[in-house]
Amino acid sequence: MPSPTGDLFHVYDTTLRDGAQQEGLTLSVADKLAIARHIDGLGVGFIEGGWPGANPRDTEFFRRAREQLDLRHAQLTAFGATRRAGLAAADDPQVAALRDSGAGVVTLVAKSHDRHVELALRTTLAENLAMVRDTVAHLRAEGQRVFLDAEHFFDGYRDNRDYALEVLRTAFEAGAEVAALCDTNGGMLPGWVGDVVHDVVGTTGVRVGIHCHNDTGCAVANTLAAVDAGATHVQGTLNGYGERTGNADLVTVVANLELKLDRQVLPAGLLGEATRVAHAVADVTNVPPASRQPYVGTSAFAHKAGLHASAIKVDPDLYQHMDPAGVGNDMRLLVSDMAGRASIELKGRELGFELGPDLVQRVTGRVKDLESRGWTFEAADASFELLLVEEVEGVRPSYVEVESWRVITETRVGDDALSEATVKLRAGGARIVVTGEGNGPVNALDSALRQAISQLYPEIVKFELIDYKVRILDQGHGTDAITRVLIETTDGQRSWVTVGVGPNVIEASWHALIDGLTFGLRRHDA
C-alpha cells in the first residue's frame, strides 16, 4: 500500500535514533526491530534506524534488519555525519559504515551554523561546505538517496543567513533530495519558523523538510507552520520521544495534517492504527504512555463533568473535536463526584447496562458518597462495574470468602526487605491457604492471590499486578490511604483498574487486589 502522495510528501520517523536519546530510554536491537515493525504499520515513508558505525548496537541493528525486517510501507534510513575535515569521503570509515549499512537512504547531519563549524568542528566555513559536497556526492555515486539534516539551522540563519543558505545549496547541488531544517535547540515559535521556511523555499529552490524539538512546547505547531510555508518533508518521533523535552510527536503531526488540513499523507485507513501503534511502542520502550497525549492518549476523549455528559448524551460531537475512531481511540466517560445522572447512565450503557431513572439516581448518589470518603472511580472502571452489578443484581459478585490475611515484613541489616503474605480463603467448599513473597507487602499479597487463582482456576494463564499507586488521604488525622491497582490478565492485552480505600496502605491495597480478583473471575466466567 504506497503513500497516497508518492514521493511528493515525506513522513519521516526518527524514533529509533533521535527518540532513543531520551533520558531513561534504552533500546536493545530486538527492541528496535520490534518498534520498526510497529511504526511501519502506521504507514510512514521512512524509518531512521540509527547511526551505523557510531556504536555497535546500531551497526548490529542494520545487519539484522537486512534479514529480519520486512517493511511494507517504509524505507529504512541510516543516519550519520559528513566526512571529517581533511579526509576524502571515500576514505572516511564513518562514511563507509553508511555506505555499507544496506540502507537505501542516508540522512547526513551537517553544520549550518557558522559558530558551530568553527567552535565544534574546529574547521573553516569553506571546508565545512566541502565536507557536505563530497559526502553527498560520494553516497549518491554509490547509489544511495541522500537527505540532509541542517543542524542548528534556525539559530544559524539568525546569525549568518547567507552561510546557512549556502550549506543547503551545496547539499542540493551535490545531489541531496531534501534539506531538513533542524530546530536543534527547540527554541523557535511557529511564526518565526514559517517566515524562515518561506524565505528558504523562495530563495534557494531547495526541497525543504522540518525537524523540531519541543523545548518551547511548540514542536508540533512549528512543524505545521513549516508545512504551511512550503516544507514537504516532516520528521518526528512516536509519542514525542527525544532529548530534553522531546521531538515533535509524529502521530499528532500526521493526524493534524490529515484530519484538520485535509492532506492525506498516510496510506488510506492506517491513521486508524495510530492509538494501537503508539501504545505498542510505549510497551516496548517501557515508558508509560502519556494519558493526555493528543489523539491517542487514554484521556484524549475522556469526559468527567456532568455537563459534558449531558451534552454527549444528545450528540457526542458537542464536546469532542472529532470521532476518536479516526485514530483508533475510544470515548471514555469518567465516573466521579462531578458526575451527574447522564454520566452514570452513559457509563452504564458503555458497560452493557441499561439503567432506569431510579437506579441511575441511586448509583449517582452512592458514587458521590463514596468519592467523598476517598474512593476515586474515574480511572477505576473495574471497581465501578462491580458497584454497578451490585446495585443492579442486589448482591456484590463474590467468588471467594476471605477468612483472614496477614503480612510480615522482615528487614535485615544490609539486605533488602522481604515481605511474606499468608491468605486464607474458602471457595467451593474448600479451604485454601497460600503464602506469597515479595519485595513489599503489596507484592507479597499479589503473589499469594495469584497462587490462589492458579489453584482455583488453573486454566487462567496470567493474572498479574502490573502497577499500583498509593495516595494518602488525611495525613495526621487518622491516616487513610487510597490505592489504585492495575491488573493484567490472560493474553497480556486486557487490563483493568480497581481502587481500594483503607486506614493504611496495606489495607487499601488489599481491598483493591480483592476487587481485581473478583472482577477478573467475573470476566473469566462470562
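Numbers here are sequence positions counted from 1.
Residue Phe147 is tested with Phe172, Phe79, Phe46 for a ring-ring contact (aromatic ring centres under 6.0 Å, His included); the sole match is Phe46.
Donor-acceptor pairing under 3.5 Å is recorded for the side chains of Arg99 and His138. Under the 3.5 Å distance criterion, with hydrogens and angles disregarded, a donor-acceptor pair is assigned to the side chains of Asp31 and Ser28.
Between Asn222 and Ile210, every side-chain heavy-atom pair lies at or beyond the 4.5 Å cut-off. At least one side-chain heavy atom of Met322 sits under 4.5 Å from a side-chain heavy atom of Tyr295. In this structure the side chain of Val296 never reaches within 4.5 angstrom of the side chain of Arg276, judged on heavy atoms. Considering only heavy atoms from C-beta on, Arg115 stays 4.5 Å or farther from Asp155 through its side chain. Using a 4.5 Å cut-off on side-chain heavy atoms (C-beta onward), Leu261 and Asn256 make no contact.
In summary, Arg161 and Asp199 engage in a salt bridge, as defined by a charged side-chain N under 4.0 Å from a carboxylate O. Look at Glu60 and Arg57 and you find no salt bridge, because none of the NZ, NE, NH1 or NH2 atoms lies under 4.0 Å from a carboxylate O. Salt-bridge check for Lys32 with Asp58: passed, with a basic side-chain N closer than 4.0 Å to an acidic carboxylate O.
Partners of Thr107 according to the side-chain hydrogen bond (donor to acceptor under 3.5 Å, both in side chains) rule, which considers only residues two or more places apart in sequence or in another chain, are Tyr12. Residues satisfying the side-chain hydrogen bond (donor to acceptor under 3.5 Å, both in side chains) criterion with Thr135, sequence neighbours excluded, are absent altogether. Judged as a side-chain hydrogen bond (donor to acceptor under 3.5 Å, both in side chains), and not counting sequence neighbours, Thr237 has no contacts. Residues passing the ring pair (Phe, Tyr, Trp, His ring centres under 6.0 Å) test with Tyr241: none are found, sequence neighbours excluded. Partners of Thr232 under the side-chain hydrogen bond (donor to acceptor under 3.5 Å, both in side chains) rule, at least two apart in sequence or in another chain, are Arg207.
Interatomic distance, Thr170 OG1 to Met131 CE, rounded to the nearest 0.5 Å: 12.5 Å.
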Show which side-chain atoms of residues 174-183 pair as donor or acceptor with protein atoms under 3.5 Å away, not counting sequence neighbours.
{"residue": "Glu177", "atom": "OE1", "partner": "Arg145", "partner atom": "NE", "Å": "3.3"}
{"residue": "Glu177", "atom": "OE1", "partner": "Arg145", "partner atom": "NH2", "Å": "2.8"}
{"residue": "Glu177", "atom": "OE2", "partner": "Arg145", "partner atom": "NE", "Å": "2.8"}
{"residue": "Asp183", "atom": "OD1", "partner": "Gly186", "partner atom": "N", "Å": "3.2"}
{"residue": "Asp183", "atom": "OD1", "partner": "Gly187", "partner atom": "N", "Å": "3.3"}
{"residue": "Asp183", "atom": "OD2", "partner": "Gly187", "partner atom": "N", "Å": "3.4"}
{"residue": "Asp183", "atom": "OD2", "partner": "Met188", "partner atom": "N", "Å": "3.2"}

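Ring orientation note: the planes of Tyr157 and Phe153 are tilted relative to one another, at an angle of 30° to 60°.
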key: side chain to side chain contact (heavy atoms under 4.5 Å, CB included) between Leu387 and Val389, worked out   = CA-CA 6 Å; Leu387 181 152; Val389 171; over 6 Å; no
